[in-house]
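Shown next, in structure tokens, is the structure this report addresses.
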Amino acid sequence: MKIKKEIVITNPGQSFKLFKPSLRNNFFWHYHPEYELVFVEASNGIRHVGQHISSYMESDLDFIGKNIPHLNFDYGVKNKYKQIVVQLKEIFLSEAFSAIPEFAAIERLFERAYLGLAFSGKTKAIVAEKLNYMQTLNHFKQLLCLLEVFQILATSKEFVELNEQD
């Protein structure tokens, strides 16, 4: 299985990409320098992030750090499913994180993303609702909503680290 570098292209003037990919029948083992937030609703599927391999039931919400190899979350899904992906440039709010105290928790979330984080429970349900809603907003309001999503993830205790720390 050869790893591929995905080239992520955002629209001009945008720091992130919000989209609904559909790769179901393609094995896409890949990496990219962008951070990625993935929500998928499916009866079941495979979660392969870095060295971690497991399965999920009903839905999955993961935050993946830059350059972390991962498989598309809809690979092999047999039934109907929904997927929302947000890809953020490597420098997303990087200077703002350190300069604005209110972003401290989000900064720590991004620092831990290299482990691959899988969220569950109420956190997953709330974030899924916000990601669905984001698709109806203009880009500036999407950014504000995305910051809310990251604050929710940053303060959640409902997560597991998918890869061990070195």
Side-chain angles (χ1 to χ4, degrees), residues 1-11 14-94 97 106-121 123-128 130-132 134-135 142 146-147 149-154 156-166:
M1 103 178 80
K2 187 172 177 177
I3 192 165
K4 296 178 185 175
K5 181 177 182 179
E6 179 183 0
I7 305 301
V8 174
I9 300 171
T10 59
N11 291 327
Q14 295 183 338
S15 58
F16 65 93
K17 179 179 180 181
L18 172 69
F19 65 110
K20 294 173 145 181
S22 180
L23 299 169
R24 177 192 311 237
N25 297 318
N26 298 314
F27 184 90
F28 189 40
W29 178 241
H30 65 288
Y31 70 99
H32 40 76
E34 292 78 15
Y35 292 90
E36 185 168 274
L37 179 62
V38 178
F39 175 70
V40 61
E41 280 183 281
S43 56
N44 61 4
I46 298 169
R47 177 193 300 126
H48 189 169
V49 177
Q51 298 297 316
H52 176 90
I53 302 173
S54 61
S55 59
Y56 62 85
M57 302 293 287
E58 297 180 18
S59 66
D60 194 29
L61 176 65
D62 299 292
F63 186 48
I64 305 166
K66 56 189 178 185
N67 296 312
I68 304 299
H70 55 284
L71 183 62
N72 50 302
F73 288 77
D74 59 349
Y75 176 68
V77 172
K78 304 284 186 227
N79 300 322
K80 188 176 177 179
Y81 71 98
K82 295 178 189 175
Q83 184 172 215
I84 301 171
V85 173
V86 180
Q87 293 174 323
L88 307 107
K89 293 182 180 215
E90 183 180 7
I91 60 166
F92 181 78
L93 295 177
S94 59
F97 282 155
I106 296 174
E107 182 178 26
R108 286 189 300 277
L109 172 73
F110 275 71
E111 289 169 355
R112 288 192 331 255
Y114 77 94
L115 298 165
L117 304 172
F119 292 86
S120 60
T123 301
K124 181 169 55 170
I126 292 166
V127 168
K130 287 194 174 290
L131 289 173
N132 280 305
M134 272 178 64
Q135 297 171 90
Q142 285 179 346
L146 188 57
L147 289 173
V149 163
F150 285 131
Q151 183 65 19
I152 291 164
L153 297 177
S156 174
K157 304 250 187 273
E158 297 177 303
F159 71 92
V160 294
E161 296 171 345
L162 299 176
N163 290 287
E164 294 181 21
Q165 294 186 17
D166 293 345

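- Taking CD1 of I7 as the start and NE2 of H30 as the end, the distance is 11.5 Å to the nearest 0.5 Å.
- Side-chain contact between Y35 and K66 is present, with at least one heavy-atom pair separated by less than 4.5 Å.
- Between the side chain of E158 and the backbone N or O of T123 there is at least one donor-acceptor pair closer than 3.5 Å.
- Here the shortest heavy-atom pairing between G50 and I68 reads N-CG2, 4.0 Å.
- At least one side-chain heavy atom of L37 sits under 4.5 Å from a side-chain heavy atom of L61.
- Taken to the nearest 0.5 Å, the NZ atom of K80 stands 10.5 Å off from the CD atom of E41.
- Atom CG in N67 sits 8.5 Å away from atom CD in E34 (nearest 0.5 Å).
- Contact check for S55 versus I46: no side-chain heavy atoms found under the 4.5 Å cut-off.
- Between Q151 and I106 the shortest side-chain heavy-atom distance falls below 4.5 Å.
- Each salt bridge (Lys or Arg N to Asp or Glu O under 4.0 Å) pair with one or both residues in residues 49-61, not counting sequence neighbours, appears once here: R47-D60.
- The closest donor-acceptor contact from the side chain of Y56 to the backbone of F73 lies under 3.5 Å.
- In this structure, the separation between NE2 on H52 and CD on E161 is 12.0 Å, given to the nearest 0.5 Å.
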TODO: Begin with the C-alpha distance, continue with both residues' side-chain angles, and end with the deciding distance and a verdict on side chain to side chain contact (heavy atoms under 4.5 Å, CB included) for L117 and L109.
DONE: CA-CA 9 Å; L117 304 172; L109 172 73; 3.7 Å; yes
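- Using a 4.5 Å cut-off on side-chain heavy atoms (C-beta onward), Y31 and K5 make contact.
- With 3.5 Å as the limit, one finds no donor-acceptor pair spanning the side chains of H70 and H48.
- Using cut-offs of 30° and 60° on the angle between ring planes, the pair F119 and F159 is tilted.
- Between Q83 and N72, the closest side-chain pair of non-hydrogen atoms is not below 4.5 Å.
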- [ ] Could you go through the side chain to side chain contact (heavy atoms under 4.5 Å, CB included) check for F63 and R112 one step at a time?
- [x] CA-CA 9 Å; F63 186 48; R112 288 192 331 255; over 6 Å; no
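- Checked against side-chain hydrogen bond (donor to acceptor under 3.5 Å, both in side chains), Q142 has the following partners two or more places apart in sequence or in another chain: H139.
- Atoms CG and NZ, on N132 and K20 in that order, are 7.0 Å from each other to the nearest 0.5 Å.
- Formation of a donor-acceptor pair under 3.5 Å by the N163 side chain with backbone atoms of V49 is found in this model.
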Task: side chain to side chain contact (heavy atoms under 4.5 Å, CB included) evaluation trace for F150 with L88 - done: CA-CA 12 Å; F150 285 131; L88 307 107; 3.7 Å; yes
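- Contact of the K82 side chain with the F39 side chain is not registered, since no non-hydrogen atoms from C-beta on lie closer than 4.5 Å.
- For the pair K17/V86, no side-chain contact is recorded, criterion being any heavy-atom separation below 4.5 Å from C-beta on.
- The 12-atom threshold is exceeded at CD of Q135, counting heavy atoms of other residues, nucleotides or ligands nearer than 6.0 Å.
- D62 CG to L153 CG: the interatomic distance, rounded to the nearest 0.5 Å, is 10.5 Å.
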